[in-house]
Amino acid sequence: MMTSSSFAMAAGVPHVRVAKHAGTSKAKTPHHVSSPLSSRQEESVQVSVRRGVQGVNQHKADSSTVLTRQVLTERNVRVMTDIVRVAPNLTIQPSFGSSALNFALRGIGLMDFTQNNTPSVMPYMDGVAYPLSIMTSGMLFDIDGVSVSPGPAGFTHGQATTGGEMEFRSGDPTQQFHAGITEDIASYGRNRVEGYLSGPLSRSVSYRIAGQSLTGGGFQHNSQGQGYGNANLGALRGKLRWQIDETTRLDFGGHWTTDQSETSSGHNMYNSYGVPISSDLMQTEWGLDPRFAKILGINGKNTKPREDNMFWGANVRFTKDFSWAKLTALSAYESLEEHELTNQTNSVASYGNMFRNNQSNVFSQEVKLESNRPQDKFQWQVGMYYSRTSISQNFWYDSHDRPNTTPLNKTSYTQGQQNFNQYVQLSYQILPKLKLIGAINHESDDRRIMNVTSTNYNLNTGAVTGSTNFGNAGALTNQFAGRVGAQYQFKPNLMGYVMFSRGFKPGGFSANITQSATQIKPFKPEQVLTYEGGFKSMFFDRRLRFNAAGFYYDYRDQQVLGTILVPPYGALGGYVNAPRSYVYGAEFDMQVTPFRGLNLTQNFGYQHGVYSRFSSLNRQATTNQFNATGIWSPVNTTYDGYSMGLANLTLSGAATYTWNVFHDYKMTFDADYNYRGAQTQPQHIGDGGIYRAPAYFLVNSFLEFSAPTQHWSVAVYGQNLADRRYWLSGGTQATFYGVMPGLPRFVGARMNFTY
């Protein structure tokens, strides 16, 4: 949460520091990534003792959670959804029946099941924005740090968002040769291998190559006992750094990922078809009509929902330090090819099979100039960000089990988008203890969905039986955002701040099983006014750190994944705007090192959201009416005063103790937990019962034996030791309702060697 409690090590616990010969002294961490340890520090062979907790960002007026490489390893953060276990008020959910993810911070986030809209919480990798969330698949390897920053963004880099950012920083090249490999074996045949090579090619050129392989881990099964959910993912990343002179640097980067995993699949909890339902949350089902498979040209023998995706990208960063400022220019290109077969009903019925063909690419260019003298009272940043996104998608949907529907439908479209953001941020220390902060940005977002075509097919012959072109639609946004704030250093170990911000995010489109021109009408941009205040403190000779913040968000035209009625397909997901709503809450993080070797951490997050003015289709009532009458007709409900159904309380904490064994060896024992409150799924405002994900409490632990001077370690660990049953997200397809289960108990061993 604030400056994350998960950063620091216990008082007296060995801290890795950089050897004089390691790394290039001119290499700098990008401004927007708050990573306390560089890759060189992680790999250095020298060890020293530092007393007390870490104080990273203690003089910065924000409430970011910052996670180091060490914490990501110790908490077994291997995929994106694991981050919610260590960051407060953060939600990361699989888009139902897909590998795409949806992000939310402090209740602000868009459930983008059509994968063609700007997220409310933007992920970045080494400064490059990933506006299509599925691009994040397979990126969590060789990561030096993760920063989770809530609130309106786009004032110092990238695109404007309302919810915040998640920033990832991968390991950098080093001027000394380093290498490492990690083997991680766990329950359900899960196997993760990760490694890197880094070193010099010449006095001025260095490189880094890293990769990972992730297989197995499928903990679900069907009624016949056939296992399901295995990962099959491989990824590579490369960096080349040219230190042209003392003030000039050129960095080249590239990455490639292939994902042929079995698709995220859910457990069917309710349906009106009479399809049998199991009480076993880990049981899922699937079915694939061989006629559907033949038309698509996919392997009809393998009926499991699955991915066949490839992602790749390249970027170039130029940095130049002048005597008065620093110039940064970053160019990037990202591409994805997604071929995804899903079963939206999680049943043996072939109704609900969907095949997605998504080919998209994003080009971005950013130029930024900023002050480079930290001791100056006046600090400034000014920059411009441009991105161009091209999307081409086809959705094939098999509904032959459904009465009065077209047996096989394909919805296809292309979408183009251009985004241009200009930003300025200033700060001035008007008094020795008082600093004022101000920022403004202007963003123009122009997007157009084109040639939205609905085509019906004869399922037996594959012949086209009808086609309708719904034409084009456009959405243009031109808005300003800004923030003003102040921070006051009451004492060297106590800082307080207040911040007022206005943020916005562009509108977009829903394009899924399109049967009416009204379905491609764009939803409006959203705006949020945020009020935040907090403090950061350290006491008892750096043995206690305690940071806290409170916030209130005034939301306008909130973009909500609601429900629209599309007879004869029924109640389907669609985007709507809630005119007025609000979210409030609080966060704190604490770290205590009472004596040498022991480190205690605790994070706390509370959030509560309410719709002030909102009327929308009631999915449950509409479905119930159809079940009773056999006729689809809308039932609308006014949700004024209704809760958004957020997970009100998120907690996480850890106790870690390290002690010496013999002379050159160490033992580390950890026990940690995380708690997440109950949460209502989108599309089910005001509904209870099975539509509300129950609260859950997980306990995890690890024991590590390491030889720092010999550069190896062995650890055993357990996740969800009590084997709790819980679920991450839910979704519906007409009268089918299912949930995505979380991990059961996993026990594993991790072996690491570095040179």
Novice: Considering only NZ, NE, NH1 and NH2 on the basic side and carboxylate oxygens on the acidic side, decide whether Asp445 and Lys505 come within less than 4.0 Å.
Specialist: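 Answer for the salt bridge query: no.
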
Novice: So, for Arg483 and Pro152, which heavy atoms are closest and what is the spacing to 0.1 Å?
Specialist: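 Closest approach of Arg483 to Pro152, heavy atoms only: NH1-O, 4.3 Å.
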
Novice: With side-chain contact (heavy atoms from CB on, under 4.5 Å) as the criterion, how do Gln393 and Tyr413 come out once you've worked through the C-alpha distance, each side chain's angles and the decisive distance to 0.1 Å?
Specialist: CA-CA 6 Å; Gln393 289 209 61; Tyr413 68 91; 3.0 Å; yes

Novice: Under 3.5 Å, is there a donor-acceptor pair linking the side chains of Ser392 and Thr414?
Specialist: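 The answer is no; no qualifying pair exists.
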
Novice: Can a donor-acceptor pair be found between the side chains of Thr319 and Lys326 at a distance below 3.5 Å?
Specialist: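 No, because no side-chain N or O of Thr319 sits under 3.5 Å from a partner of the opposite role on Lys326.
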
Novice: Step by step, work out the side-chain contact (heavy atoms from CB on, under 4.5 Å) result for Ile440 and Phe480.
Specialist: CA-CA 7 Å; Ile440 189 171; Phe480 286 91; 4.2 Å; yes

Novice: Quick check: do Val121 and Met166 have side-chain heavy atoms less than 4.5 Å from each other?
Specialist: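 Yes - at least one pair of side-chain heavy atoms lies under 4.5 Å apart.
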
Novice: Does CE in Met384 sit with more than 12 non-hydrogen atoms of other residues, nucleotides or ligands closer than 6.0 Å?
Specialist: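 Not buried by this count: 12 neighbours or fewer within 6.0 Å.
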
Novice: Quick one, His157 with Glu366, criterion side chain to side chain donor-acceptor pair (under 3.5 Å). Give me CA distance, side-chain angles, the key distance, then yes/no.
Specialist: CA-CA 8 Å; His157 65 279; Glu366 183 164 21; 5.9 Å; no

Novice: Is there a side-chain contact between Ser198 and Ser206 (heavy atoms, below 4.5 Å)?
Specialist: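 The answer is no; the side chains never approach within 4.5 Å.
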
Novice: As a quick check of understanding, evaluate side chain to side chain donor-acceptor pair (under 3.5 Å) for Gln415 and Asn116, giving each step before the final call.
Specialist: CA-CA 8 Å; Gln415 181 175 312; Asn116 65 318; 2.9 Å; yes

Novice: Rounded at 0.5 Å granularity, tell me how far CD1 in Ile92 sits from CG in Leu101.
Specialist: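 Nearest 0.5 Å value for the CD1-CG distance: 7.0 Å.
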
Novice: So does Gly145 get a backbone contact from the side chain of Thr68, meaning a donor-acceptor N/O pair under 3.5 Å?
Specialist: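 No; zero donor-acceptor contacts below 3.5 Å.
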
Novice: Answer yes or no: is there a donor N or O on one side and an acceptor on the other, between the side chain of Gln559 and the main chain of Lys524, under 3.5 Å?
Specialist: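 Yes; at least one donor-acceptor contact below 3.5 Å.
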
Novice: For the backbone of Lys239 and the side chain of Asp251, can you confirm whether one donor and one acceptor N or O come within less than 3.5 Å of each other?
Specialist: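 It does not hold such a pair.
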
Novice: What distance do Met122 atom CE and Glu167 atom CD have between them, rounded to the nearest 0.5 Å?
Specialist: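 So the CE of Met122 and the CD of Glu167 are separated by 11.5 Å.
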
Novice: Would you say the side-chain atoms of Arg317 pair up with the backbone N or O of Gly253, donor to acceptor, closer than 3.5 Å?
Specialist: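 No; zero donor-acceptor contacts below 3.5 Å.
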
Novice: Given Arg556 and Glu526, is the side-chain contact (heavy atoms from CB on, under 4.5 Å) satisfied, shown in steps?
Specialist: CA-CA 6 Å; Arg556 316 291 175 92; Glu526 66 177 16; over 6 Å; no

Novice: For the CD atom of Glu307 and the CD1 atom of Ile134, what is their distance to the nearest 0.5 Å?
Specialist: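 So the gap between those two atoms works out to 5.5 Å.
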
Novice: If you take all heavy atoms of Gly171 and Asp144, which pair is closest and at what distance?
Specialist: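 Between these two residues, the closest heavy atoms are CA-OD2, 3.6 Å.
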
Novice: Indicate yes or no: at least one non-hydrogen side-chain atom of Asp245 is less than 4.5 angstrom from one of Lys320.
Specialist: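 Asp245 vs Lys320: side chains touch.
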
Novice: How far apart are the closest heavy atoms of Asn309 and His339, and which atoms are they?
Specialist: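 Smallest interatomic distance, heavy atoms only, reads OD1-N, 2.9 Å.
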
Novice: Within the distance-only criterion (no hydrogens, no angle test), does the side chain of Gln212 pair as donor or acceptor with the backbone N or O of Phe141 below 3.5 angstrom?
Specialist: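 Flag not set: sc Gln212 to bb Phe141 has no pair under 3.5 Å.
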
Novice: What's the spacing between Asn102 CG and Met111 CE if we round to 0.5 Å?
Specialist: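 Between Asn102 CG and Met111 CE, I get 4.0 Å after rounding to 0.5 Å.
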
Novice: Identify the heavy atoms of Ala332 and Asn315 that sit nearest to each other, and give their distance.
Specialist: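 The pair with the smallest heavy-atom distance is CB-CB, 3.8 Å.
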
Novice: Say whether Arg388 and Ser364, considering side chains only, have a donor N or O and an acceptor N or O under 3.5 Å apart.
Specialist: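 Judged by distance alone, the side chains do not pair up.
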
Novice: Could you tell me if Arg208 sits above the aromatic ring of Tyr196, with its cationic atom closer than 6.0 Å to the ring centre and no more than 45 degrees from the axis?
Specialist: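 Flagged: Arg208 positioned over aromatic ring of Tyr196.
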
Novice: Please lay out, stage by stage, how Trp312 and Tyr333 fare under the test ring pair (Phe, Tyr, Trp, His ring centres under 6.0 Å).
Specialist: CA-CA 9 Å; Trp312 66 273; Tyr333 180 84; 5.5 Å; yes

Novice: Using modelled atom types only, decide if a donor and an acceptor are shared between the side chain of Asn577 and the backbone of Asp557 within a distance under 3.5 Å.
Specialist: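 Pair found, side chain donor or acceptor close to backbone of Asp557.
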
Novice: Quick one: are Arg447 and Pro506 in side-chain contact, heavy atoms under 4.5 Å?
Specialist: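 They are in contact (side-chain heavy atoms under 4.5 Å apart), so the answer is yes.
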
Novice: Any side-chain to backbone donor/acceptor pair from Ser729 onto Gln93? Under 3.5 Å, distance only.
Specialist: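 Between the backbone of Gln93 and the side chain of Ser729 there is no qualifying donor-acceptor contact (under 3.5 Å).
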
Novice: How about His442 and Tyr423: are their ring centroids closer than 6.0 Å?
Specialist: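 No, the ring of His442 stays outside the 6.0 Å limit from the ring of Tyr423, centre to centre.
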
Novice: Are any side-chain N or O atoms of Arg169 and backbone N or O atoms of Ser147, one a donor and one an acceptor, separated by less than 3.5 Å?
Specialist: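 Here the side-chain-to-backbone pair does not exist.
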
Novice: How long is the gap from CD on Glu165 to CZ on Phe103, to the nearest 0.5 Å?
Specialist: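 Nearest 0.5 Å value for the CD-CZ distance: 12.5 Å.
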
Novice: Give the intermediate values and the outcome of side chain to side chain donor-acceptor pair (under 3.5 Å) for residues Ser427 and Lys435.
Specialist: CA-CA 7 Å; Ser427 67; Lys435 179 185 292 186; 4.8 Å; no

Novice: Given Phe504 and Thr477, is the side-chain contact (heavy atoms from CB on, under 4.5 Å) satisfied, shown in steps?
Specialist: CA-CA 10 Å; Phe504 76 93; Thr477 301; 4.0 Å; yes

Novice: Counting C-beta onward and ignoring hydrogens, is there a side-chain heavy-atom pair between Asn472 and Val452 closer than 4.5 Å?
Specialist: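 No; the side chains remain at least 4.5 Å from each other.
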
Novice: Just by distance, do the side chain of Glu334 and the backbone of Leu132 share a donor-acceptor pair under 3.5 Å?
Specialist: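 Checked: no pair found.
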
Novice: Under a 4.5 Å cut-off applied to non-hydrogen side-chain atoms, are Met139 and Met80 in contact?
Specialist: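 Yes, close enough: below the 4.5 Å cut-off.
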
Novice: Compare all side-chain heavy atoms of Arg580 with those of Asp554 and state whether any distance is below 4.5 angstrom.
Specialist: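 Of all side-chain heavy-atom pairs linking Asp554 with Arg580, at least one is under 4.5 Å.
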
Novice: What are the two closest heavy atoms between Asn372 and Pro374, and how far apart are they?
Specialist: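 In this case the closest contact between Asn372 and Pro374 is O-CD, 3.4 Å.
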
Novice: So which atom in Met499 and which in Ala61 form the shortest heavy-atom distance, rounded to 0.1 Å?
Specialist: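 Shortest heavy-atom separation between Met499 and Ala61 comes out as CE-O, 3.9 Å.
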
Novice: Quick one: is the NZ or CZ of Arg249 closer than 6.0 Å to the six-membered ring centre of Phe318, and within 45° of its axis?
Specialist: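 No, Arg249 does not sit over the ring of Phe318.
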
Novice: Between Asp112 and Thr114, is any side-chain donor less than 3.5 angstrom from a side-chain acceptor?
Specialist: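 Per modelled atom types, Asp112 and Thr114 side chains form a pair under 3.5 Å.
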
Novice: Do Ser204 and Gln243 have side-chain N/O donor and acceptor atoms under 3.5 Å apart?
Specialist: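 Short answer, no.
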
Novice: Does Glu587 reach the main-chain N or O of Asn89 with its side chain, forming a donor-acceptor pair under 3.5 Å?
Specialist: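 Such a contact is absent between Glu587 side chain and Asn89 backbone.
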
Novice: What is the distance from atom CD1 of Ile449 to atom CD of Gln417, rounded to the nearest 0.5 Å?
Specialist: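 If I round to the nearest 0.5 Å, the distance is 12.5 Å.
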
Novice: Checking Ser444 against Asn478: is there a side-chain donor and acceptor pair closer than 3.5 Å?
Specialist: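 Looking only at side-chain atoms, Ser444 and Asn478 do form a donor-acceptor pair, the distance falling under 3.5 Å.
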
Novice: List in chain and number order the residues that pass ring-ring contact (aromatic ring centres under 6.0 Å, His included) with Tyr386, two or more places apart in sequence or in another chain; answer none if no residue qualifies.
Specialist: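 Partners of Tyr386 by the ring-ring contact (aromatic ring centres under 6.0 Å, His included) criterion come out as none, since no residue qualifies.
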
Novice: Tell me, please, which residues at least two apart from Ala104 pass side chain to side chain contact (heavy atoms under 4.5 Å, CB included).
Specialist: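 Ala104 satisfies side chain to side chain contact (heavy atoms under 4.5 Å, CB included) with Thr91 only.
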
Novice: Would you say that Thr650 contacts Leu90 through its side chain, given a criterion of any heavy-atom pair below 4.5 Å between the two side chains?
Specialist: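 No, too far: nothing below the 4.5 Å cut-off.
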
Novice: I'd like to know whether Ser170 forms a side chain to side chain donor-acceptor pair (under 3.5 Å) with Asp126, so could you lay out the CA-CA distance, the side-chain angles of the two residues, the decisive distance to 0.1 Å, and finally the verdict.
Specialist: CA-CA 7 Å; Ser170 62; Asp126 292 329; 2.6 Å; yes

Novice: Looking at Arg106 and Glu532, is any side-chain nitrogen of the basic one under 4.0 Å from a carboxylate oxygen of the acidic one?
Specialist: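 Salt bridge flag = yes for Arg106 with Glu532.
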
Novice: For the residue pair Gln479 / Arg502, report whether a side-chain donor-acceptor contact shorter than 3.5 Å exists.
Specialist: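 The criterion, which ignores hydrogens and geometry beyond distance, is satisfied for Gln479 and Arg502.
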
